[in-house]
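Computed from a predicted model, the values in this text were never measured in an experiment.
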Amino acid sequence: MPTVKPFKAVRYNKARVSSISAVMAPPYDVISEKLQDELYRGDPHNVVRLILNKIAPADTKDDNRYTRSKQIFDAWMDEGVLARDDAESFYIYTQSYKRGSKKVEQVGFIGLMELELEGKKKILPHENTLAAPKEDRLKLTRSVRANLEPIFILHDDNKVTKLLKSFCTVAKPVINVEREGVRHMVWQLSDQKIIKAISKRMKAKGAFIADGHHRYEVSKMFAKESEANPKYIMVYFVEADEDMLTVLPAHRLIKDLGNIEKDGITLKLKEFFTIEKVWGLEDMMTRLAKLAGAHAFGMYLGKDAFCILKLKDIAVSDKAIKDKPKDWKRLDVSILHLFIFQHLLGVKDTDDNIGFLKDPSETKKAVDDGEFKAAFFLNPTEVAQVKKIAKIGERMPRKATYFYPKQLSGLVFNKF
């Protein structure tokens with residue numbers, strides 16, 4: 001891994017805001033227009049004004065959502081709403097939540113990581129990126145000159161996790177809030193001996209990006225624009241431990257089936273899949289979970305018509321998916337998009353035709369309301385699969401992973 005180092009974070013001043021919880025928000029890319037409105041109506045210092053300022057009809061080159069983010073950030077610094085820490089620090093960040101009946105604690109730390117601008121890559125991506133989101137984040141970075149949200153990187157060093165946990169047992173957190181069933185806690189770690197030990201171990205390890213591919217590439221673009229621009233990015237590091245991580249699937253919805261009728265979908269699929277009717281959404285999701293690893297999918301065509309599709313012969317799917325390694329071909333998301341959608345059904349596999357939702361009930365409702373014609377449900381991609389695809393230099397199909405819980409925005413900022 002490239003060099004990891006501490007930094008003097010900019011943080012909210014508890015004395016100048018109504019509460020720390022009130023100024024937090026989810027990451028910018030999961031904030032809907034409705035939630036954006038709700039956050040704007042809440043605390044006037046909510047971080048949404050920085051990470052996702054509203055677009056105004058009268059926006060110009062000199063007055064727009066990006067310039068307003070800068071003006072607000074600068075004003076909050078001047079007013080003492082935001083303040084920079086005195087000591088170079090790592091920021092231990094834990095998220096505690098329940099996965100079923102099991103309590104899960106995700107333990108990591110926020111620090112700065114050197115960008116890989118040249119040479120052999122040690123930081124491995126696993127998803128493709130799109131031009132529009134990168135342009136958006138680049139404009140924001142140029143204007144505010146800060147990392148407003150950390151990217152999420154996984155590493156393989158259990159001893160780093162133990163060091164972090166040990167510190168947390170003897171120190172008090174500087175942030176302790178609960179939102180939507182998740183307890184978020186942050187400790188400021190400024191002990192240089194511990195920082196050096198962590199930095200040394202991290203430098204010797206490999207790592208891959210779990211979330212924040214667009215922001216990582218934007219930071220490299222920004223760094224190359226000028227020698228004066230920073231060559232480091234703010235990162236949240238977490239051990240790639242299955243017990244600490246939860247990956248949720250993003251279920252797929254088809255808007256336009258093209259020339260195929262709904263009844264024709266089953267006819268086209270039954271040659272290659274066993275089709276099992278199930279009685280309702282809950283039954284389907286329970287059955288699907290039991291078939292994890294068996295290349296099975298849930299399908300909903302409306303009017304309470306649920307079924308489970310189970311691939312009969314993986315060799316047939318392998319043959320239909322061209323020019324990819326075997327491990328990539330055998331991802332459920334690859335089979336769904338390239339074998340089912342493109343090869344068998346011939347539907348347009350584009351963002352304006354394929355929708356993505358995490359909640360099964362919302363996915364069903366989108367079909368019932370007529371917004372989409374069909375829905376397909378998946379089991380989650382395993383962390384081991386994500387690592388394997390990254391290590392062989394491949395990128396997963398879009399929305400292949402949804403790491404839960406998302407990190408709160410507004411905990412710490414890295415101002416250049």
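Taking the six-membered ring for Trp and thresholds of 30 and 60 degrees, W76 and H45 have ring planes more than 60 degrees apart, a perpendicular arrangement. Under the 30°/60° scheme for interplanar angles, the aromatic rings of H343 and F339 are found to lie parallel. Below 30°, between 30° and 60°, or above 60°: for F306 and Y300 the angle between ring planes is below 30°, a parallel geometry.
Between D359 and K365 no salt bridge is recorded (no basic side-chain N to carboxylate O distance below 4.0 Å). Contact check on K406 versus D29 returns no salt bridge, with no Lys/Arg side-chain nitrogen under 4.0 Å from an Asp/Glu carboxylate oxygen. Under 4.0 Å is where a charged nitrogen must lie from a carboxylate oxygen, and between D304 and K364 at least one such pair does. Under 4.0 Å is where a charged nitrogen must lie from a carboxylate oxygen, and between K310 and E276 no such pair does. Note on D37 versus K54: salt bridge recorded, some NZ/NE/NH1/NH2 to OD/OE distance being below 4.0 Å. One finds no salt bridge joining D59 and R65 here, because no Lys/Arg side-chain nitrogen approaches an Asp/Glu carboxylate oxygen to under 4.0 Å.
Residues D136 and Y28 are in side-chain contact: their nearest non-hydrogen atoms beyond the backbone lie under 4.5 Å apart. Here the side chains of K165 and T169 are not in contact, with every heavy-atom distance at 4.5 Å or above.
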Criterion salt bridge (charged side-chain N to carboxylate O under 4.0 Å, His left out) on D318 and K326, from CA distance to verdict:
CA-CA 7 Å; D318 281 350; K326 184 175 73 172; over 6 Å; no
Could you go step by step and tell me if N53 and Y40 meet the side chain to side chain contact (heavy atoms under 4.5 Å, CB included) rule?
CA-CA 9 Å; N53 201 282; Y40 259 79; 3.4 Å; yes
Begin with the C-alpha distance, continue with both residues' side-chain angles, and end with the deciding distance and a verdict on side chain to side chain contact (heavy atoms under 4.5 Å, CB included) for N229 and F416.
CA-CA 8 Å; N229 288 348; F416 313 145; over 6 Å; no
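The line from OG1 of T94 to CG of N176 is 8.0 Å long, rounded to the nearest 0.5 Å. In this structure, R252 CZ and L378 CG are separated by 5.5 Å, a value rounded to the nearest 0.5 Å.
The two residues P26 and I51 have their closest heavy-atom pair at O-CD1, 3.6 Å. Contact record, F273 with L344: CE1-CD1, 4.0 Å, taken as the closest heavy-atom pair. Nearest approach of A240 to L154, heavy atoms of both residues: CB-CB, 4.0 Å. Across every non-hydrogen atom of N379 and A292, the tightest pair is ND2-CA, 3.5 Å.
Annotation: K231, atom NZ; neighbour count of heavy atoms from other residues, nucleotides and ligands within 6.0 Å is above 12. Environment of NZ in K270: sparse, with no more than 12 heavy atoms of neighbouring residues, nucleotides or ligands closer than 6.0 Å. In the displayed structure, D369 atom CG is contacted under 6.0 Å by more than 12 heavy atoms of other residues, nucleotides or ligands.
Under the 3.5 Å distance criterion, with hydrogens and angles disregarded, no donor-acceptor pair is assigned to the side chains of T274 and K312. R201 and H155 form no side-chain donor-acceptor contact under 3.5 Å, judged by distance and modelled atom types alone. Side chains of D211 and Y236: no donor on one and acceptor on the other come within 3.5 Å. A donor and an acceptor atom, one from each side chain of T246 and Y97, are located under 3.5 Å apart.
The distance between the ring centers of F7 and Y91 falls below 6.0 angstrom. Taking the six-membered ring wherever Trp is involved, the centroid distance between the rings of F356 and Y402 does not fall below 6.0 Å. F237 and F90 have their aromatic ring centers separated by at least 6.0 angstrom.
With hydrogens and angles ignored, the 3.5 Å screen pairs no side-chain donor or acceptor of K5 with any backbone N or O of S199.
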